[in-house]
Amino acid sequence: MMLKLKINLLLLLLLIIIAAKAQTNTYKFKRDIAGVNSVWHSMKLPDQLYKNANAGFEDLRIFGINGKDTIEVPYLLKQRGDKTDNKEIAFKQINQSSNPNGYYYTFQSDAAITINQINLSFKQDNFDWQITLDGSNDNLTWFSILKDYRILSIKNNDTNYQFTKLSFPNSNYKYFRVALKSPVQPELLEAKISKTDTIKGIYQDVKYKTFVVKNDAVNKETVIDVTLENAVPIAYLKLNAQSDFDFYRSIKIEYATDSFKTDKGIQYNYANLFEGTISSLEKPEYHFENTITSRLKITIQNNDNKPLRLSGLELKGNVYEIIVRFDNPTYNYALYYGNEKVTSPSYEIEKFENEIPAILTSVAIGQEQQNPAYSIKTEKPLFENKTWLWVLMAVIIALLGWFSFKMLRN
C-alpha cells in the first residue's frame with residue numbers, strides 16, 4: 001500500500017514539473033528577477049534584450065514558480081516618449097498697418113492669455129524676411145518677445161521649403177503685434193496662435209560604434225552610415241552640421257531592417273524613419289517613432305551645392321519600462337522571451353491602469369541565460385527519416401514482386 005502511494009506521489013510530482021515546464025518551454029531565453037517584495041514594481045528592459053526578443057515584444061512573459069505551482073504574471077509595457085498637447089487660442093486681427101520701418105499686424109484676445117507659438121501663412125512662395133514680435137496688455141505699452149527672427153520660403157524645381165513658425169517662451173498678453181521688414185507688401189493669409197505643452201519622456205543616450213561619411217558626386221548627395229553598439233531603441237537624432245553659408249537641403253533617415261549576403265559582402269534593407277529638411281535656420285534635431293535597430297543611414301541631397309561639414313551626431317532612445325503586478329512576492333520570478341510564434345498577451349490590468357500606484361520601486365533583471373526548459377523539437381521531413389525510407393522501399397519491392405508474379409502467371 002505504501003509503495004503504491006509513493007508511486008502515485010512521484011507520478012503527481014512528475015506531472016506538476018511537466019506542467020510547469022509546459023508553460024515556459026517555448027521560450028528560448030530567461031532572465032531572473034530579483035528584489036520582489038511588494039505587489040507592484042517596475043523594471044527597465046536591458047539593452048541586450050532587444051536583439052533576441054520579438055520586434056513588437058509579443059513574446060515577453062513573466063512566470064513565477066514556487067515548488068509545484070507556476071503562475072503567469074500580468075504586466076503593462078510602457079514606452080516613455082514625449083507627450084505633446086497643442087491648444088489653438090482664439091485671437092482676432094484688429095489692425096494692419098505699415099510705415100517706412102515695415103508692416104504691422106496686431107492680434108487681440110478677449111483676455112490676457114499665455115501662448116508660445118504663432119504659425120504664419122503667406123500668399124507669396126519666395127521670401128526672406130525679418131520679424132519682430134511684441135506683446136501688450138493695453139495696446140499702448142509694448143514689450144519685446146522676439147527680435148530679428150528670420151522666416152523663409154523657397155519654392156522652385158529643386159526645393160519646396162518653408163520656415164514660418166514663431167516659437168518663443170510662454171508669454172501672457174492680451175495683444176500681440178507682428179512686425180515684418182520686407183521690400184514688398186506681405187500678403188498674410190492666416191495666423192494660427194497656440195500654446196504647446198510638452199511633457200518630456202525618459203530618454204537614454206545611445207552610443208554608436210562607427211560614423212562613416214561618403215560624398216557621392218554622381219548622385220549629388222552625402223550618405224552617412226552609422227553602426228550602433230547594440231540593437232536598441234532610437235527616437236531622437238541630432239546631426240552636427242556646419243557650413244560657411246546658409247543652407248536648406250532634403251534629408252532622409254533610414255534604419256536597417258535586415259541584412260543579406262552578396263558577392264560584395266553584407267548588404268542591408270532599409271525602411272524610412274524620417275524625411276524632411278536640414279536647414280541653417282532650424283536646429284538639426286529630429287524626432288521619430290521609437291524604433292529598434294543597430295544601423296542607420298542618413299542621406300542629404302546636396303544638388304549642386306558644396307557638401308556640409310559633418311562631425312558626428314547624438315542619438316537617444318525612449319526607455320521601455322514594464323509595470324508588473326506580483327500577486328505573491330514569495331514566488332521566484334523570471335522574464336521569458338524568444339518565441340517567434342506567440343501572440344501578444346491580454347491582461348485585465350490595462351483596463352484598470354488608474355489603480356496602479358504612482359510611485360513604484362524598481363526590481364533588477366538578471367543576465368540573459370538559455371532557458372533550460374526550452375524543448376521545441378524540429379521534426380525532420382518524412383523522406384529524411386531512414387525508417388520511413390526502408391518501409392517505403394519494402395512496400396515498393398513487394399508491389400513490384402506482386403506485379404511480376406501476376407504477369408508470369410498470365
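A donor-acceptor pair under 3.5 Å is absent between the side-chain atoms of Ser279 and the main chain of Thr277, judged by distance alone. Put simply, the side chain of Thr262 gets close to the backbone of Gly265: a donor and an acceptor are under 3.5 Å apart. With Ser194 contributing its side chain and Ile89 its backbone, the two residues share no donor-acceptor pair below 3.5 Å. Of the possible polar contacts, none joining the Ser42 side chain to the Ile322 backbone as a donor-acceptor pair under 3.5 Å is found. Here the side chain of Asn170 pairs no donor or acceptor atom with the backbone of Thr114 at under 3.5 angstrom. The backbone N or O of Ala111 lies less than 3.5 Å from a partner atom in the side chain of Ser109, making a donor-acceptor pair. Remark: side-chain polar atoms of Asp59 are not paired, donor with acceptor, to backbone N or O of Val342 under 3.5 angstrom. Between the His41 side chain and the Thr361 main chain, a donor and an acceptor come within less than 3.5 Å of each other. Checking side-chain atoms of Ser294 against main-chain N and O of Leu228 turns up no donor-acceptor pair under 3.5 Å. A donor-acceptor pair under 3.5 Å is absent between the side-chain atoms of Asn54 and the main chain of Gly56, judged by distance alone.
Side-chain contact between Leu152 and Thr164 is absent, with no heavy atoms from C-beta onward closer than 4.5 Å. Leu273 has its side chain out of reach of Leu237: every pair of non-hydrogen atoms, C-beta onward, lies at least 4.5 Å apart. No side-chain heavy atom of Arg31 sits less than 4.5 Å from a side-chain heavy atom of Gln369. In this structure the side chain of Tyr103 reaches within 4.5 angstrom of the side chain of Gln185, judged on heavy atoms. When side chains are defined from C-beta on, Ile154 does not count as touching Asp128, because their heavy atoms never get closer than 4.5 Å. By the 4.5 Å heavy-atom criterion applied to side chains, Glu314 and Glu285 are not counted as neighbours. Contact annotation: the side chain of Phe143 never approaches that of Asn137 to less than 4.5 Å [non-hydrogen atoms, C-beta and beyond]. Within the 4.5 Å cutoff, side-chain heavy atoms of Val178 are placed close to those of Ile131.
Two rings, from Phe127 and Phe122, have their centers less than 6.0 Å apart. When ring centroids are compared, Tyr27 and Tyr337 stay outside the 6.0 Å threshold. Note: Phe63 and Tyr336 meet the aromatic proximity criterion, with ring centroids under 6.0 Å apart. Residues Phe176 and Phe107 keep their aromatic ring centres 6.0 Å or farther apart. Under the 6.0 Å cut-off for aromatic ring centres, Tyr236 and Tyr286 do not qualify, their centroids lying 6.0 Å or more apart.
Considering every non-hydrogen atom in both Asp138 and Thr141, the closest pair reads OD1-N, 2.9 Å. Here the closest non-hydrogen pair linking Pro186 and Tyr105 is O-OH, 3.2 Å. Here the shortest heavy-atom pairing between Leu146 and Ser167 reads CD2-O, 4.0 Å. Taking both residues in full, the closest heavy atoms of Lys30 and Pro372 are given as CD-CD, 4.0 Å, listed atom of the first, atom of the second, then distance.
At a threshold of 4.0 Å, the pair Asp85-Lys87 does not count as salt-bridged, since none of the basic side-chain nitrogens sits closer than that to a carboxylate oxygen. Salt-bridge annotation for Asp327 and Arg325: present, with a side-chain N of the basic residue lying under 4.0 Å from a carboxylate O of the acidic one. Remark: Asp134 engages Arg177 in a salt bridge, criterion side-chain N to carboxylate O under 4.0 Å. A salt bridge links Glu353 with Lys78: the closest approach of a Lys/Arg side-chain nitrogen to an acidic carboxylate oxygen falls below 4.0 angstrom. Look at Arg80 and Glu321 and you find a salt bridge, because one of the NZ, NE, NH1 or NH2 atoms lies within 4.0 Å of a carboxylate O, short of that distance. Ion pairing of Lys306 with Asp244 is absent here, as no side-chain N (NZ or NE/NH1/NH2) approaches a carboxylate O to less than 4.0 Å.
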- Which is it for Glu88 and Lys192 under the salt bridge (Lys or Arg N to Asp or Glu O under 4.0 Å) test, yes or no, and what are the steps along the way? CA-CA 7 Å; Glu88 191 168 336; Lys192 290 184 177 181; 5.1 Å; no
- Message: Test side chain to side chain contact (heavy atoms under 4.5 Å, CB included) on Leu313 and Phe211; report intermediate values, then the result.
- Response: CA-CA 8 Å; Leu313 50 79; Phe211 178 88; 3.6 Å; yes
- Determine, step by step, whether Tyr248 and Phe163 satisfy the ring pair (Phe, Tyr, Trp, His ring centres under 6.0 Å) criterion, reporting the C-alpha distance in whole Å, the side-chain angles of both residues, the deciding distance to 0.1 Å, and the verdict. CA-CA 10 Å; Tyr248 37 88; Phe163 177 70; over 10 Å; no
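Shown are Arg295, Glu254, Lys252; of these, the side chain to side chain donor-acceptor pair (under 3.5 Å) with Tyr270 is made only by Arg295.
A side-chain donor from one of Thr196 and Asn86 sits under 3.5 Å from a side-chain acceptor of the other. A donor and an acceptor atom, one from each side chain of Gln367 and Asp32, are nowhere located under 3.5 Å apart. Side-chain atoms of Thr222 and Asn215 form a donor-acceptor pair, as typed in the model, at a separation below 3.5 Å. Checked by atom type, the side-chain pair Asp47/Asn230 shows no donor-acceptor distance below 3.5 Å. Side chains of Asn272 and Tyr255: a donor-acceptor N/O pair is absent below 3.5 angstrom, by distance only. For the residue pair Ser182 and Trp129, a side-chain donor N or O sits within less than 3.5 Å of a side-chain acceptor on the partner. For Thr84 and Asp82, the side-chain atoms include no donor-acceptor pair closer than 3.5 Å. Asn119 and Ser121 share no donor-acceptor pair across their side chains, judged by distance under 3.5 Å alone. Side-chain contact, Asp216 with Asn219: a donor N or O sits under 3.5 Å from an acceptor N or O. Side-chain atoms of Arg249 and Asn303 form no donor-acceptor pair, as typed in the model, at a separation below 3.5 Å.
For Asn354, the CG atom sits in a packed shell: over 12 heavy atoms of surrounding residues, nucleotides or ligands are nearer than 6.0 Å. Around atom CZ of Phe260, more than 12 heavy atoms belonging to other residues, nucleotides or ligands sit under 6.0 Å away. Taking a 6.0 Å sphere around CD of Glu289, one finds it holds 12 or fewer heavy atoms contributed by other residues, nucleotides or ligands. Annotation: Asp110, atom CG; neighbour count of heavy atoms from other residues, nucleotides and ligands within 6.0 Å does not exceed 12. Counting non-hydrogen atoms of neighbouring residues, nucleotides and ligands closer than 6.0 angstrom, the CD1 atom of Ile199 reaches no more than 12 such neighbours. The number of heavy atoms from other shown groups lying within 6.0 Å of CD (Glu348) does not exceed 12.
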